[in-house]
Amino acid sequence: MLDIKFIIENPETVKEGLAKKGYTKEQIDIDGLITLHKDVNKLKTSTQTLAEEKNKLSNSIKSASNEDRPAIIAKSKEIGEELKKEQELLAEEQKKYDNIMWRMPNLPCPESPVGPDESGNVVIRRVGEPTKFDFTPKDHVELIELNDWSELERITKVSGARTYAIKNELSRLELAMHLMVLDKLTEHGFTTITVPSLSKQKPLYGMGYLPFSQDEVYYMPADDLYLSGTAELVLNSLRADEILSENDLPVLYAGFSPCFRREAGAAGKDTRGLVRVHQFLKTEQFVICKNDIAESEKWHKTLLAISEEVLQDLELPYQVLEICTGDMGAPKYRQYDLEAWTPSQNCYRETHSCSNITEWQARRTNLRYRDNKDGKVKFVHTLNNTGIATPRILVPFIENHQQSDYTVRIPTKLQPYMNGKKFIGKNAQNKEA
RNA sequence: GGAGAGAUGGCAGAGUGGUCGAAUGCGGUUGACUCGAAAUCAAUUGUACUCUUCACGGGGUACCCAGGGUUCGAAUCCCUGUCUCUCCGCCA
């Protein structure tokens, strides 16, 4: 959500930002919005004037004489009728106005590359070289089958397409990665927090999932609850409506939760294996900081650095992508993605997504803080980034670390979380000895 | 799932139809006292919107969980929802 005062004072900047994000004037009419806002304000003023008159009359009734009283009550009733009509009109216009405001995307960062879609994204650096093999590498599904690590086919009979069941050492690996990342985030000052995957509707608006990505989210009408696609959803609303002290900032959460996504727009994409599933586990980085673009940009870089560290600890070759204006979602001001090298697909595939939302979400959740310098109440900035998401990351992990005997090498940093094992797989026992 | 109780300012807690944005206490802020601190004393202490002012400021409207309703007038009465607590049942 944007500040209407900013829109009124900088209509051209706003129009330009919306155009960069690919919104047409037909989709969001800024001039119309400004006019509507003026109309709403006029109605507010007239409504308030009527309410004032009515309040004065009501207050005078108690002390009025018995003769005067009926006349005052009659007059008050009359104004009451008028007021009711005015209020209804106001509510109508206000609804139109709110509707536009809730559908207004965030403006992109001036430094973000401008482009229509993912083709406009810019690789800003590559770390590590694509893995070279002196044998013919297998893809992750083959390796999983050779090592008895999954029930990929059977589970779909039980739970449907795009679900996974992994077993033996691989299921431990999945949890080990989360523990490793949670430890890392704790070192960086984050509060670990496990959060529900269930959410009411309001937080979905707060985060921006609604009204923008309705098709992506599971809804359970029997209980009027939604299944969360990310811990960001819950963390973003956890402190909603609060006024924090600046001294409490930044708030750093490392949120762990099962995540659910319908993948409605992804029919036919990534149907093989563990890349795109309906339910997965994610450790999420979430930051609440003060309303200062330099400060939140600093945190944005820090979050990115932490997830790069994760990929480095996992010894995966990766690239950092700066996402262009047309490809970033509505809530975002600036976005980086991390993509890990995936040998079977001969390309980099997304593992992390790191976003600065500025105050756009805070306006929706009404999350504010009191500034120490000027004592004013301001909206916070929020940021989020993947800590680690499984099973997707297992794909590049298994494929990059595979050996000719189908075992998979465990990088040093991860070994403590895998009972010290250096390799996993059916043939690993021979090697350890 | 069954039975009951409740939701008031940062916190605790009064207030059951008429200047109630709301007593009191705690906390916070500022000042006095002090070398300093504590204690004490004094003052102050929500948010949003709107009108007005160059500005300091001033006026007004709304908000006592949320949404409806009754009434000239609602924190207070009625309905619905949400949440919390206690007991029973079930359960990891």
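Every chain is numbered from 1 and lettered A, B, ... according to where its sequence line falls, protein lines coming before strand lines.
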Requested in this report: Could you tell me the separation between the CD atom of Gln87(A) and the C1' atom of rG68(B), rounded to a whole number of Å?
Outcome: 14 Å

Report task. Describe the nucleic acid contact of Leu57(A) in one word from base, sugar-phosphate, nothing, applying a heavy-atom distance below 4.0 Å. Result -> nothing

Query raised in the report: Charged N to carboxylate O below 4.0 Å: is that the case for Arg409(A) and Glu315(A)?
Result: yes

Query raised in the report: For the pair made of NZ in Lys54(A) and C1' in rG18(B), what is the distance, rounded to whole Å?
Result: 13 Å

**Report entry** Aromatic ring proximity, centroids under 6.0 angstrom, His300(A) and Tyr336(A)
**Finding:** yes

Query raised in the report: Given atom CG of Leu83(A) and atom P of rG60(B), what is their separation to the nearest angstrom?
Result: 17 Å

**Report entry** Euclidean distance, atom CG of residue Leu90(A) to atom C1' of rU50(B) [Å, nearest integer]
**Finding:** 11 Å

Requested in this report: Answer with base, sugar-phosphate or nothing: what part of the nucleic acid does Ser58(A) contact at a heavy-atom distance below 4.0 Å?
Outcome: base

Query raised in the report: Quick one: does Arg69(A)'s side chain have a donor or acceptor within less than 3.5 Å of a partner on Ala64(A)'s backbone?
Result: yes

Requested in this report: Taking only the side-chain heavy atoms of Arg368(A) (C-beta and beyond), determine which of rU47(B), rC49(B), rC72(B) contains the nearest atom.
Outcome: rU47(B)

**Report entry** First of Thr49(A) and Lys62(A) reached from the 5' end of RNA chain B, by closest nucleotide
**Finding:** Lys62(A)

Requested in this report: Find out whether the Lys NZ or Arg CZ of Arg364(A) is both under 6.0 angstrom from the six-membered ring centre of Trp360(A) and within 45° of the ring's axis.
Outcome: yes

Query - Rounded P spacing from rU44(B) to rU86(B) in Å - result: 41 Å

Query - Base rG60(B) paired with Glu52(A) side chain (donor-acceptor, <3.5 Å) - result: no

Query raised in the report: Expressed in whole Å, how much space separates the C1' atoms belonging to rA32(B) and rA39(B)?
Result: 14 Å

Query raised in the report: For rG9(B), which nucleotide in any strand shown is its Watson-Crick or wobble partner with both distances under 3.5 Å?
Result: none

Query raised in the report: Between Arg276(A) and Glu263(A), is the closest basic N to carboxylate O distance under 4.0 Å?
Result: yes

Query - Any strand: nucleotide that pairs with rU19(B) via Watson-Crick or wobble, under 3.5 Å - result: none

Query raised in the report: Taking NZ, NE, NH1 and NH2 as the nitrogens, is one of them in Arg334(A) or Glu297(A) under 4.0 Å from a carboxylate oxygen of the other?
Result: yes

Query raised in the report: Looking at rG60(B), rU47(B), rC51(B), which one has an atom nearest to any side-chain atom of Gln48(A)?
Result: rG60(B)

Query raised in the report: According to the Watson-Crick and G-U wobble definitions, with both distances under 3.5 Å, which nucleotide is paired to rC65(B)?
Result: rG81(B)

Query raised in the report: Given rC72(B), rA48(B), rU50(B), which nucleotide is nearest the side-chain atoms of Lys44(A)?
Result: rU50(B)

Report task. Considering only NZ, NE, NH1 and NH2 on the basic side and carboxylate oxygens on the acidic side, decide whether Arg368(A) and Asp241(A) come within less than 4.0 Å. Result -> no

Query raised in the report: Which base, if any, makes a Watson-Crick or G-U wobble pair with rU71(B), both distances under 3.5 Å?
Result: none

**Report entry** Length of the CD1-P vector between Ile79(A) and rG73(B), whole Å
**Finding:** 11 Å

Query raised in the report: If pairing requires Watson-Crick or G-U wobble contacts with both distances under 3.5 Å, which nucleotide is the partner of rG36(B)?
Result: none

Requested in this report: Counting heavy atoms from C-beta on, name the nucleotide in rC83(B), rU50(B), rC72(B) closest to the side chain of Lys200(A).
Outcome: rC83(B)

Report summary line: In whole angstroms, the gap separating P of rU71(B) from CD of Glu81(A) amounts to 10 Å

Query raised in the report: Counting only side-chain N and O atoms of Asn366(A), is one of them less than 4.0 Å from OP1 or OP2 of rA48(B)?
Result: no

Report task. Figure out the CG/P separation between Asn59(A) and rA74(B), and round it to whole Å. Result -> 10 Å

Requested in this report: Provide, to the nearest angstrom, the distance between the CZ atom belonging to Arg370(A) and the P atom belonging to rU45(B).
Outcome: 13 Å

Query raised in the report: If the C1' atom of rU82(B) is compared with that of rG67(B), how far apart are they to the nearest Å?
Result: 10 Å

Query - Separation of the C1' atoms in rU8(B) and rA22(B), to the nearest angstrom - result: 9 Å

Requested in this report: Respond yes when some side-chain nitrogen or oxygen of Asn41(A) is under 4.0 Å from OP1 or OP2 of rU50(B), and no when none is.
Outcome: yes

Query - Atom P, compared across rG46(B) and rG21(B): separation rounded to whole Å - result: 15 Å

Query raised in the report: What interatomic distance, in whole Å, is found between C1' of rA75(B) and the corresponding atom of rA3(B)?
Result: 28 Å

Query raised in the report: Watson-Crick or G-U wobble partner for rC41(B), using a 3.5 Å limit on both distances?
Result: rG31(B)

Query raised in the report: Which one is paired to rC56(B), where only Watson-Crick or G-U wobble pairs with both distances under 3.5 angstrom count?
Result: none

Query - Criterion side chain to side chain contact (heavy atoms under 4.5 Å, CB included) on Lys290(A) and Tyr369(A), from CA distance to verdict - result: CA-CA 8 Å; Lys290(A) 63 180 190 173; Tyr369(A) 72 102; 3.4 Å; yes

Requested in this report: Starting from the 5' end of RNA chain B, give me the residue, Ala51(A) or Ile61(A), whose nearest nucleotide shows up first.
Outcome: Ala51(A)

Report task. Rounded to whole angstrom, note down the C1' distance from rA43(B) over to rA66(B). Result -> 37 Å

Query raised in the report: What integer number of Å spans the P atoms of rU76(B) and rU70(B)?
Result: 15 Å

Report task. Look through every strand shown and name the nucleotide pairing with rA14(B) as Watson-Crick or G-U wobble, where both distances are under 3.5 Å. Result -> none

